[in-house]
Asker: 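The structure follows.
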Amino acid sequence: MTRTVVPPAIPAAASLLLATLWGFAIFGDWGRQAFCMTSLGASPGCADRIASVIALSVMVGVVAACATGVAWFARRTSLYGLAVAAWVVALVVLFVGGLVAQ
């Protein structure tokens, strides 16, 4: 049986790209624009509902950022999988919560 080794640069790059996407969705206001803007303008109650979804996504994003930071600075390549999974969960929380908030 052969074992394939994934270079640590691949999950590190994936983690940083997912972090960038999440950052734009949260801090660049992409999430609020995507789920609350209609052709008539912003829905009044949607902004309040999406704010709680964003807060939950930020909590997951903090875990992801810590895992990415520890994996990067402590050279713990085993944590990159956790970091990538946490970024994906943060984005899924934002997406599913945004759909519910609509």
Side-chain angles (χ1 to χ4, degrees):
M1 180 194 302
T2 61
R3 183 177 168 144
T4 58
V5 177
V6 177
I10 292 173
S15 182
L16 293 176
L17 288 173
L18 287 169
T20 303
L21 176 65
W22 178 82
F24 281 131
I26 297 295
F27 302 112
D29 213 29
W30 287 4
R32 192 177 323 271
Q33 290 178 5
F35 295 112
C36 291
M37 295 302 286
T38 62
S39 60
L40 302 173
S43 173
C46 182
D48 294 334
R49 291 188 302 269
I50 199 77
S52 62
V53 170
I54 287 172
L56 182 61
S57 183
V58 165
M59 285 188 263
V60 178
V62 167
V63 171
C66 289
T68 302
V70 169
W72 181 270
F73 292 115
R75 305 278 189 223
R76 303 281 310 263
T77 58
S78 61
L79 286 179
Y80 278 125
L82 173 69
V84 169
W87 285 121
V88 169
V89 169
L91 286 167
V92 166
V93 165
L94 182 63
F95 181 74
V96 171
L99 289 176
V100 171
Q102 282 181 330

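Quick note: numbers below take in every heavy atom, side chains included, and nothing from hydrogens, waters or symmetry partners. Just so you know, these numbers come straight off a predicted model, no measurement behind them.
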Asker: Does one hydrophobic cluster hold both L99 and V93, with members joined at side-chain heavy-atom distances below 4.5 Å?
Answerer: no
Asker: Can you give the donor-acceptor pairs under 3.5 Å from side chains of residues 63-83 to other protein atoms, not counting sequence neighbours?
Answerer:
unit_1: T68; atom_1: OG1; unit_2: S15; atom_2: OG; d: 2.9
unit_1: T68; atom_1: OG1; unit_2: A64; atom_2: O; d: 2.9
unit_1: T68; atom_1: OG1; unit_2: W87; atom_2: NE1; d: 3.1

Asker: Could you work out, with salt bridge (Lys or Arg N to Asp or Glu O under 4.0 Å) as the rule, every residue matching D29, not counting sequence neighbours?
Answerer: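 Salt bridge (Lys or Arg N to Asp or Glu O under 4.0 Å) check on D29 returns R32.
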Asker: Honestly curious: do L17 and L91 fall in one hydrophobic cluster under the side-chain, below-4.5 Å linking rule?
Answerer: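 No: no chain of side-chain contacts under 4.5 Å links L17 to L91.
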Asker: Is F24 reachable from V92 through a run of I, L, V, M, F, W or Y residues, each pair having side-chain heavy atoms under 4.5 Å apart?
Answerer: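 Yes; F24 is reachable from V92 via cluster members.
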Asker: Same hydrophobic cluster for L56 and V88, using side-chain heavy-atom links shorter than 4.5 Å among ILVMFWY?
Answerer: no
Asker: Test of understanding: clusters of I, L, V, M, F, W, Y form through side-chain heavy atoms closer than 4.5 Å, transitively. Do F35 and V96 belong to the same one?
Answerer: yes
Asker: For residues V84 and P11, report the shortest heavy-atom separation together with the two atoms involved.
Answerer: CG2-O, 3.6 Å
Asker: Rounded to the nearest 0.5 Å, how far does CG of L94 lie from CD1 of I26?
Answerer: 4.5 Å
Asker: Nearest 0.5 Å, please: how far is CG in L16 from CG in L21?
Answerer: 12.5 Å
Asker: Quick one: closest heavy-atom pair of Q102 and R49, and the distance?
Answerer: O-NH2, 3.9 Å
